[in-house]
Peer 1: 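Pasting a structure below so you can have a look.
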Amino acid sequence: AVIDTGIDYNHPDLQNNVWSNPGEIPGDGIDNDGNGVIDDVHGYNAFSDNGDPMDGQGHGTHCAGTIGAVGNNGVGVVGVNQNANIMAVKIFNDEGSTDAAAIVRGVQYATKMGARITSNSWGGPRPNSAIREAFEQSPSALHLVAAGNSGYNNDWLPSFPANYALDNIVAVAATDHNDELASFSQYGKKNVDLGAPGVDILSTVPGGKYATYSGTSMATPHVSGAATLIASQNPDITNEELRARLEQGTDQVAALDGKTASGGRLNVHKALTMELS
Ligand code: CA
Ligand code: CA
């Protein structure tokens, strides 16, 4: 699940890889699967508490494309997992605002509906016990979260959800084309797990379009996409092993040494194929 500003689920480079709720009949005004949300065909709008997670902002659609834009279709881009199955969970309105209750509803929906991986390209300096609890009570999922874009060390100045000390949260810093830590990227040997590309990332945006964004928001879905590949190849994998594959399956890079727990930047092939130590 992409827990963000929603997804343009009609984007031609995404629509075949957007999750469909098997128990829901579209447009009949009835909560067919009895999960508390009417006509939640592609996910959930947790901000407005309805079944339409359409993205009117762009950020979530961009993240979704990095995870799983459709491959071999002759247009646009391809995601890390070209056969991804992406649930849209909208926790922000189209102006980019939200509140803790909406975030909690979003995490709870993704959990209830069986998301194995969630991608969370959002955060802030203030902890919230209800949001922490929502993640804690979601042990069936591994949650990838962005380290933040203010350039500081999260071990000194915390950022959340990155700094919730939970086994099912993995925090991601952003690297650039030269395997340097992006100038904006937050980091932290204790609280940030690995790096991934997050500078000048081309991906999908609403209206069938594409755009180039930078941020730990763009790094996080690269790791989320890798996590979905690992989980699909190993359906019974535990979160512990999944996170070990992500962290140990990195290329060690000097810029991340001492700045992330793994000291490495995501290497998808290695994460999928390595023998765990
Ligand atoms: Ca429903
Ligand atoms: Ca329905």
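Indexing begins at 1, ligand by ligand and atom by atom, following the structure's order. No hydrogens, no waters, no symmetry mates; every other heavy atom, side chains included, goes into these values.
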Peer 1: Strictly by modelled atom types, are N191 and D155 linked by a side-chain donor-acceptor pair under 3.5 Å?
Peer 2: yes
Peer 1: If I take atom CD1 from residue I117 and atom CG from residue L242, how far apart are they, to the nearest 0.5 angstrom?
Peer 2: 5.0 Å
Peer 1: Please determine if D251 and K270 form a salt bridge, counting it only when a charged side-chain N lies under 4.0 Å from a carboxylate O.
Peer 2: yes
Peer 1: How wide is the angle at the Ca ion (ligand 1) between OD1 of D33 and O of V37, to the nearest 10°?
Peer 2: 160°
Peer 1: Could you please give the number of protein N/O/S atoms within less than 3.0 Å of the Ca ion (ligand 2)?
Peer 2: 6
Peer 1: With a 6.0 Å cut-off on the ring centroids, do Y164 and H143 count as close?
Peer 2: no
Peer 1: Please determine whether N35 has a backbone or side-chain N, O or S atom lying under 3.0 Å from the Ca ion (ligand 1).
Peer 2: yes
Peer 1: Decide, yes or no, whether a salt bridge links D94 with K90 under the criterion of side-chain N to carboxylate O below 4.0 Å.
Peer 2: yes
Peer 1: We want to know whether D33 and N21 form a side-chain donor-acceptor pair, criterion being a heavy-atom distance below 3.5 angstrom.
Peer 2: yes
Peer 1: Enter the distance from Q186:CD to W156:CH2 here, rounded to the nearest 0.5 Å.
Peer 2: 15.5 Å
